[in-house]
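The figures that follow rest on heavy atoms only: side chains count, while hydrogens, waters and symmetry mates do not. Letters A, B, ... are given to chains in the order of the sequence lines, protein chains preceding strands, and every chain is numbered from 1.
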Amino acid sequence: MTSLELTARKRVVVSMGGKGGVGKTNVMTGLAEWYDANQIPVTLLDLDTENKARGSLTHFFTGRVPKINIHTPDGLDSFLDYLDTGPPIVLADMGSGAGQVTHTWFDQMYDPASRQGIVFTAIGVVTTDPASVESVLTWADRLQRRVAYLIVENEVDAHATFTYWQESAQVRAFQHVFQPAVIRMAYRLPHLETALRNYGVTLTQVAQRQTSVPELQLTKAILRAEGYRDRLFEQFEQVKDRLLP
Amino acid sequence: MDDRVHAILDSLPPPRARSKLEPYAELIRALRARGLSYRDIVTILRERCSLQVGTHTVYNFVRVRTRAHRARAHRSPRRGSLAAQPRTVPAQVVETPTALETHLAAVKTRPIASAPPAPKEFAFNEHEPLRLISPSKKS
């Protein structure tokens, strides 16, 4: 941990808004649940301007998540506004295609923000698709050491392998320089995943029987959700130094 | 010049080393005329002339030359010489520079710091495909 991280007063945790459909919002939703379960106050921000409803952070946490338009000159300044007035952690879910806007913001605002004791974590999600890996590396090329890196290997199918993430020369170089934390998000049964997404229900709500959706009230769904959540929480616990101020 | 004159000249001790402030004598005189303190003069010499000198050095330099100047002024003029007529300096209004003006002058002359951009620790060419280290394991 850098000396800045040891004295950080506030942290912005942001998903790398690169390749779409890799599971960014799933990760961020799970992380929001982890903060809740540990009674850690956090501000949730939905920066996905393309995803209007289903599958967005706003959909899962109705009424709690402001939608921010990042495509205005000061859109990402909202990080700072919420850190000023709210909890010392902001969890922001970027939409795909947010790279250029975010990189420009970091070029302009990182230095003054870091002088205020604000540190950043960028969460990159990789799958078996090499394009997801390239997206992470492109972000790293622009952000360099201004963020701590947390990489989530998302098992999008039951036999997922992460060949391009684990065995490419460019990734090895990235890992050597930035020492990212790496965790795994286990495969989820597609019908359960679809139902969660369709109805905007979190794993916690299913596990704690807080949903009225019939197929999510079945015991098998409840136990599956509990298992997925517990394993995901264990993973977050391993890297909590990058999730807290 | 005859040999006797040469002999006299050669017997004289070497001339005394001049002060390093000598080239700035006129500047120092003008600054004193404007009412600047010795400390201010030291600052201006350092920042505008790249000359490091102590406050007392400037003080002594001014004092010695003021004495010499006064001594010369009191000597009786040569008869029939134009130099007999005292030089008059036209009166002019001299304003003492304010602290702000001194500060602005210092800001103008300070070196411009321009740090070069930090080199990238990691570079990724998105136009190049990912290169597997073990091609036989390609999925």
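- When the shell of 6.0 Å around CZ of A:R188 is examined, it contains more than 12 heavy atoms from other residues, nucleotides or ligands.
- Heavy atoms from other residues, nucleotides or ligands lying under 6.0 Å from CZ of B:R39 number 12 at most.
- More than 12 non-hydrogen atoms from other residues, nucleotides or ligands lie less than 6.0 angstrom from NE2 of A:H191.
- Shown here is A:K240, whose NZ atom has no more than 12 heavy atoms of other residues, nucleotides or ligands within 6.0 Å.
- Contacts of A:Q144 with chain B are made by side-chain atoms alone, with heavy-atom separations under 4.5 Å and no backbone atom involved.
- Here the closest non-hydrogen pair linking B:L130 and A:P130 is CD1-O, 3.8 Å.
- Put simply, CG on B:N125 and CD on A:E134 are 10.0 Å apart, with the number rounded to the nearest 0.5 Å.
- Here the shortest heavy-atom pairing between A:L137 and B:F122 reads O-CE2, 3.5 Å.
- Test A:V136, A:D141, A:V171 against B:F124 for side chain to side chain contact (heavy atoms under 4.5 Å, CB included) and you get one pass: A:D141.
- Heavy-atom pairs under 4.5 Å with chain A were tallied for B:E128, B:E126, B:E121; the largest tally goes to B:E121.
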